[in-house]
Amino acid sequence: MKRNNTGYIVNIDNKIEKSYKLVEIAGNTAQKTLYFRIGKRDISPGNFFMLNYNCAQKPFSVSGYDGDVVGFTIQDRGECSQKMINAKAGEYFGLTGPLGNNFDLSKSKNALLIGGGIGSAPIKFLAETLVKKNINFSAFFGARSVDFLKYLFDLDKKRDRIKYYTDDGTYGAKGFVTDDLDEALRTGNFDAICLCGPEKMMVKAIEIVGGRIKNIQISMERYMKCGVGLCGSCVLDDISARVCEDGPVFSYFDTIVNCREFGKYHRDGLGIIEN
Amino acid sequence: MSIKFGNTVFLRNGVLASGILGVTGYSMLKVAEDGAGGVTCKSISKIERKGHPTPVVQVFNSGVINAVGLSSTGVERTTSELKILKDKSDAVVIASIFAGTVEEFGETASMIDENICDMIEVNISCPNVADEFGLPFASDPKISGEITRVAKNSTKLPVIIKLSPNYPNICEVAKSCEANGADGITAINTLGPGMLIDVHTYKPKLSNKKGGVSGPAIFPVALRIVYDLYKAIKIPIIGMGGVTEAEDAIQMIAAGATLYGVGTGILYKGTSIFKNINAALDNYLAEKKMKYEELIGIAHRI
Ligand SMILES: Cc1cc2nc3c(=O)[nH]c(=O)nc-3n(C[C@H](O)[C@H](O)[C@H](O)COP(=O)(O)OP(=O)(O)OC[C@H]3O[C@@H](n4cnc5c(N)ncnc54)[C@H](O)[C@@H]3O)c2cc1C
Ligand SMILES: Cc1cc2nc3c(=O)[nH]c(=O)nc-3n(C[C@H](O)[C@H](O)[C@H](O)COP(=O)(O)O)c2cc1C
Ligand code: FES
């Protein structure tokens, strides 16, 4: 149902769950990418879907989309994610989406993309989109070990502009994804930064950037019960923004800079503050 | 414009329904800043309580079904969230409470801070946990009256009772609440329960299988109930259920509601729905050269 007589148009179709067959599941024990043939939809990097499998539902960012098949890369983190990565091709998942907003690099000529942990999933999709559009970028990806990075290796074409970091040195440089950031900013001529990953990593990155780049876009993660802007479980303190509906991508300097909980705390499913 | 609801003054005539964006202080504050005159928090219990596992909300063509369940962070934590709303806005702060026994309604009402909250809404109608608690209070006029009295005796704040549309004796329930001192009625809670089934797995789309129906689909039922209640009782009514635009709010008020409420409407129109409805309502009254008070219940007088 679409209503446009009052100016505020919400695409309700995207908020109605439909089920799709899992056409392929690939990856290793660290994480798997789940593919669904959903046909032609308006999906941009940063968008997410609510995935519902066997009575468990959580939000997952799109990690790839070719105009027909959509992929989600899921890391084993707990009950729901574990169930999902053990699913078999041919099984059905309920998908609600695409939801949320997206990274916007329409004004950028050369962006630096930084992904940490499973936060690299939407950054990978963003990088692929930039490759298609022939827009310049560099990307840094960091993870615990090589097993957590393998799904990114499809980005072959732009290998020269991509750097990998692992905590244990099993691939790329040993260390943190922010280790070369200062140097990169001095020499790279970047006009935008897109970040997704653990908040501690994003805080560190923003600290290193200082005020050198004004266009910083970050993708936030909060506990989501509904994903459609009603339940209130994902609202950020002080800025009153719903991560599911007003985000998940926010401008750092326009909004997150005033968000008291950024890098400090989040809430659990009940709404109780956790550090 | 300001409207008197019993002895409570609302500066704007829309109320945020319980359970929608009502967990954190800043979330509720945003809705007040976007034009709600009253803001209701998600129903709270004495102590912390878990709700149902996800999926708990499913959208369908003309509304939503939900089985969020009565999850609650407890009175204490929610009070500190409500304080943010109280300190930073001029909206009427409404604490929605629920409990498992008649006595517990009293204990919970007595825990609501009278300096932070302006009104208590007693949720006797949530269908989700009926199984767990045994009796659905809202189905029984006598028990609903008892709860009203116990709550009234436990607080100085005005007490309004939120009714369920799922029992045909809703007017009797309302009368019993009125006779026991209720200061107002909120109608309606979700309709149902309802269900949605996946067409490939044949499993229910909610983990709880069934859930309460809200949004445009239930508007005509909500309107009819407000109309019937206006005839049955004298205390004021907050009319909610499927309001998504000014014409819906006008109908609610014409049927007898003193204030209109919005929950699921936010899915369609965002939180600015209150601002937009209020502006359209002002224009409407100006065009009709009518006072707000004249519109209340007008459908009964012509
Ligand atoms: C917009 C968005 C996009 C996401 N995209 C992806 C994705 O592409 N791939 C992916 O694998 N996951 C993604 N997630 C995370 C995913 O939704 C689940 O939260 C995650 O899989 C854990 O769920 P679980 O049930 O398996 O674990 P749970 O049993 O719920 O939790 C496991 C552990 O994770 C912690 N945790 C859960 N939620 C949060 C949170 N919001 N912030 C901090 N810690 C938390 C818990 O405290 C617990 O220690 C995304 C989340 C959001 C909000
Ligand atoms: C997600 C959701 C959660 C709700 N939680 C509560 C609740 O905790 N307490 C309550 O009294 N009503 C609750 N309700 C019911 C609403 O307050 C309201 O009565 C009902 O949805 C009808 O209004 P609407 O169509 O404008 O949403 C909830 C409704 C929804 C959609
Ligand atoms: S997840 Fe429910 S409002 Fe964002």
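Because the structure is predicted, anything quoted here is derived from the model rather than measured. We name chains A, B, ... by the order of the sequence lines, and we start the count at 1 in each one.
One distance of note links CG of B/Asn61 with CG of A/Asp13; it measures 7.5 Å at 0.5 Å rounding. Remark: A/Ser240 OG to B/Glu33 CD distance equals 6.0 Å, nearest 0.5 Å. Between the CD1 atom of B/Ile266 and the CZ atom of A/Arg242 there is a distance of 7.0 Å, given to the nearest 0.5 Å. Between atom CG of residue A/Asp246 and atom NZ of residue B/Lys30 there is a gap of 6.5 Å, rounded to the nearest 0.5 Å. How far OG of B/Ser80 is from CD1 of A/Ile273: 7.5 Å, rounded to the nearest 0.5 Å. Between atom OH of residue A/Tyr223 and atom OG1 of residue B/Thr54 there is a gap of 5.5 Å, rounded to the nearest 0.5 Å.
Looking at B/Val64, only its side chain comes within 4.5 Å of chain A, counting heavy atoms on both sides. Contacts of B/Lys203 with chain A are made by side-chain atoms alone, with heavy-atom separations under 4.5 Å and no backbone atom involved. Interface remark: B/Pro53 contributes no atoms to any contact with chain A (heavy atom separation under 4.5 Å). Residue contact with chain B, scored on non-hydrogen atoms closer than 4.5 Å, involves the backbone and the side chain of A/Asp238 alike. Of the two parts of B/Ser27, the backbone and the side chain both hold a non-hydrogen atom closer than 4.5 Å to a non-hydrogen atom of chain A. Interface remark: B/Ser72 contributes backbone atoms only to the contact with chain A (heavy atom separation under 4.5 Å).
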Quiz item: Checking side-chain contact (heavy atoms from CB on, under 4.5 Å) for the pair A/Ile12/B/Tyr268: CA distance, chi angles, key distance, verdict?
Solution: CA-CA 7 Å; A/Ile12 294 297; B/Tyr268 302 92; 3.7 Å; yes
Exercise. Walk me through it: do A/Leu230 and B/Leu21 pass the test side-chain contact (heavy atoms from CB on, under 4.5 Å)?
Key: CA-CA 6 Å; A/Leu230 284 180; B/Leu21 297 178; over 6 Å; no
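In this structure the side chain of B/Val68 reaches within 4.5 angstrom of the side chain of A/Lys225, judged on heavy atoms. At least one side-chain heavy atom of A/Arg260 sits less than 4.5 Å from a side-chain heavy atom of B/Tyr26.
A/Glu79 CD: 12 or fewer foreign heavy atoms inside a 6.0 Å radius. Within a 6.0 Å sphere centred on CD of A/Glu24, other residues, nucleotides and ligands contribute more than 12 heavy atoms. The local environment of NZ in B/Lys209 is sparse, with at most 12 non-hydrogen atoms from other residues, nucleotides or ligands closer than 6.0 Å. The environment of A/Lys204 atom NZ is sparse: at most 12 non-hydrogen atoms of other residues, nucleotides or ligands sit within 6.0 angstrom. In B/Asp87, the CG atom is crowded: over 12 heavy atoms of neighbouring residues, nucleotides or ligands sit closer than 6.0 Å.
Across all their heavy atoms, B/Val23 and A/Leu270 have their closest contact at CG1-O, 4.0 Å.
Partner of B/Gln58 under the side chain to side chain contact (heavy atoms under 4.5 Å, CB included) criterion, chosen from A/Met50, A/Lys15, A/Glu17: A/Glu17.
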